[in-house]
Amino acid sequence: MTDGRLADLARSWCERRSLPAAQVALARDGELLVFDTVGDADASTRFLVWSCTKAVVASAVWMLVGEGALAYDAPVARYLPEFATNGKESVTVEQVMLHTAGFPLAPLGPRSWATSEGRRAAFARWRLNWAPGTRFEYHQLVGWWVLAELIVEVTGRDYRDVVHERVAQPLGLDSLRLGVPEREQGDIAPVVVVNASAVDDDYAVVGMPPLPPPTVEPHAAVTMNAPAALAVGIPGAGAVSTAADVATFYQALLHDPKGLWSPEVLADATGTVRNTFPDEARWGEPASRTRGIVVRGDDEPYASLRHHFGPSTSPRAFGHDGAGGQIAWADPATGVSFAFLTNGYDANRALEMKRNQELSALAVEVALGR
């Protein structure tokens, strides 16, 4: 397909918002239709995908559930005895994946996260903020560290190797990697924070009231450029990829051409909403989360804004966005998947939402030949 409208729109937004570079990729029915790069990058450049990582790591958990190695309703402590402290013995694997586990701000940093021993020692110290299963609050990083350690425990392998060998390699996703050795980081576009925080007038542009302040200040984003951070492979935010491989990964979730997942487990993970608690960080809208990702739903006016699905996707669309404006979704109703990646971390979340609404809407138009 030679349609250049997505690249033109991405280029326009890069110029307007001082984004150094971006990639767009569009796929449908197993075929990559569009893959373009704009700005200071090329087709081989990889971008940090931020929380789009969560879907990739969750997909490895889905495999293990389908094989019987993990159970959603099992307490985490069944697999990780160190977790059974300070009231956490009842927390289930499912609650971790739904962000209802009760420890959204538990501390875990570079001094502890590089080894299983360090991670498990941190788990033992954690305390609950609220009773598990009683509310939603986004567990930005810590929940997926628990999932990573569960993968280690039941496979006996490094979680990064499991993701690479069982997800990326079978699907031919050569650029997608969680945990990049320092000697292989030269093609990763460094994160650059751009623009001031949003003001009320900017939110009026997207027709929504202002969001609460972010839990992590935008200037902290550049810490992810550290070679050690890219190498450790933070399981909730640390994968790198091209947009083409992200869009192709989502095609795999639609069609599973390699038979990687149990059909029942995959259908449940991409289609069954199990968390409808209000999301206080996003206007109190229903969280609309499955075991690992988000379903668009039809509760307008929030649905089209939720995780950058855009106004033209169906209520069945699913995916997971990433900080600074990364887009990743698929729509079973049309067979379309779309990814937008940038190394420009736009601190103005209102205009970031407007950009991503426009990109996702145009992606549907291009894919359907409109």
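Positions are given from 1 along the sequence.
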Discussion item. Is it true that, when you exclude Asp8 itself, more than 12 heavy atoms of the residues, nucleotides or ligands shown sit nearer than 6.0 Å to its CG?
Written reply: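 Counting other residues, nucleotides and ligands, CG of Asp8 exceeds 12 neighbours.
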Discussion item. Atom CZ of residue position Arg16 - does it have more than 12 heavy atoms of other residues, nucleotides or ligands inside 6.0 Å?
Written reply: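 Enclosed.
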Taking the basic N atoms (NZ, or NE/NH1/NH2) and the acidic carboxylate oxygens, is any pair closer than 4.0 Å for [X] and [Y]?
X      : Y      : result
Glu358 : Lys354 : yes
Arg120 : Glu153 : yes
Glu67  : Arg166 : yes
Asp268 : Arg274 : yes
Glu165 : Arg157 : yes
Asp40  : Arg11  : no
Arg5   : Glu365 : yes

Worksheet item: For Trp145, which of Trp126, Phe103, Trp113 qualifies under ring-ring contact (aromatic ring centres under 6.0 Å, His included)?
Response: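 Checked Trp126, Phe103, Trp113 against Trp145; only one passes ring-ring contact (aromatic ring centres under 6.0 Å, His included): Trp113.
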Same cluster or not: are [X] and [Y] linked, directly or through other Ile, Leu, Val, Met, Phe, Trp or Tyr residues, by side-chain heavy atoms under 4.5 angstrom apart?
X      : Y      : answer
Met353 : Val194 : no
Leu147 : Leu98  : no
Val93  : Tyr138 : no
Val38  : Tyr345 : no
Phe123 : Trp130 : no

Item to complete: Run through Leu150, Asp161, Leu64 and flag the one making a side-chain contact (heavy atoms from CB on, under 4.5 Å) with Thr155.
Response: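 The residue from Leu150, Asp161, Leu64 that satisfies side-chain contact (heavy atoms from CB on, under 4.5 Å) with Thr155 turns out to be Leu64.
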[Y] backbone acceptor or donor facing [X] side chain under 3.5 Å:
X      : Y      : value
Glu31  : Arg28  : no
Ser360 : Asn356 : yes
Asp331 : Val336 : no
Thr248 : Asp245 : no
Lys88  : Pro132 : no
Thr276 : Pro286 : no
Tyr159 : Gly233 : yes
Asp3   : Val366 : no
Asp321 : Ala323 : no
Thr290 : Ala269 : yes

Side chains of [X] and [Y]: donor-acceptor distance under 3.5 Å anywhere?
X      : Y      : answer
Gln326 : Thr342 : no
Arg289 : His320 : yes
Gln251 : Ser337 : yes
Ser262 : Glu264 : yes
His308 : Glu352 : yes
Ser175 : Arg46  : no
Asn195 : Asp346 : yes

Worksheet item: Looking at the rings of His99 and Trp144, which for Trp means the six-membered one, are their centres under 6.0 Å apart?
Response: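 Yes, the ring centres sit under 6.0 Å apart.
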Interatomic spacing from [atom1] in [X] to [atom2] in [Y] - rounded to 0.5 Å:
X      : Y      : atom1 : atom2 : answer
His307 : Ser288 : NE2   : OG    : 8.5 Å
Trp13  : Ser18  : CH2   : OG    : 12.0 Å
Gln185 : Arg183 : CD    : CZ    : 10.0 Å
Glu149 : Leu80  : CD    : CG    : 6.0 Å

4.5 Å side-chain heavy-atom contact, [X] and [Y]:
X      : Y      : answer
Trp62  : Leu253 : yes
Gln357 : Leu305 : yes
Pro104 : Asn129 : yes
Leu341 : Val24  : no
Thr242 : Gln23  : yes
Ile188 : Val180 : yes
Pro332 : Leu254 : yes
Phe340 : Leu9   : no

Discussion item. Can you confirm if the NZ or CZ of Arg291 lies within 45° of the ring axis of Tyr72 and under 6.0 Å from the centre of its six-membered ring?
Written reply: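 Cation-pi check for Arg291 and Tyr72: passes.
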Worksheet entry | Aromatic ring pairing Trp261/Phe249, orientation class (parallel under 30°, perpendicular over 60°, tilted between) |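 Ring orientation of Trp261 relative to Phe249: perpendicular.
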Worksheet item: Taking the six-membered ring for Trp, are Phe338 and Trp329 parallel (under 30°), tilted (30 to 60°) or perpendicular (over 60°)?
Response: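 It falls in the tilted class, 30° to 60°.
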Fill in: Residue pair Glu137, Arg135: steps toward the salt bridge (charged side-chain N to carboxylate O under 4.0 Å, His left out) verdict
CA-CA 7 Å; Glu137 186 174 341; Arg135 57 173 291 188; 3.4 Å; yes
Item to complete: Taking all heavy atoms of Asp36 and all of Val34, pick out the closest pair and write down the distance.
Response: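 Answer, listing the atom of Asp36 first, then Val34: OD2-CG1, 3.5 Å.
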Worksheet item: Between Arg160 and Gly179, what is the shortest heavy-atom contact and its length?
Response: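 Heavy atoms of Arg160 and Gly179 come nearest at CD-CA, 3.9 Å.
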Fill in: side-chain contact (heavy atoms from CB on, under 4.5 Å) assessment of Val49 paired with Val246
CA-CA 9 Å; Val49 304; Val246 174; 4.3 Å; yes
Discussion item. Between Val295 and Arg316, is the side-chain contact (heavy atoms from CB on, under 4.5 Å) condition met? List the steps.
Written reply: CA-CA 6 Å; Val295 171; Arg316 296 169 59 202; 5.8 Å; no
Practice prompt. I would like to know whether Arg17 and Asp202 meet salt bridge (charged side-chain N to carboxylate O under 4.0 Å, His left out); could you show each step before the answer?
Written response: CA-CA 13 Å; Arg17 303 301 296 161; Asp202 292 323; over 6 Å; no
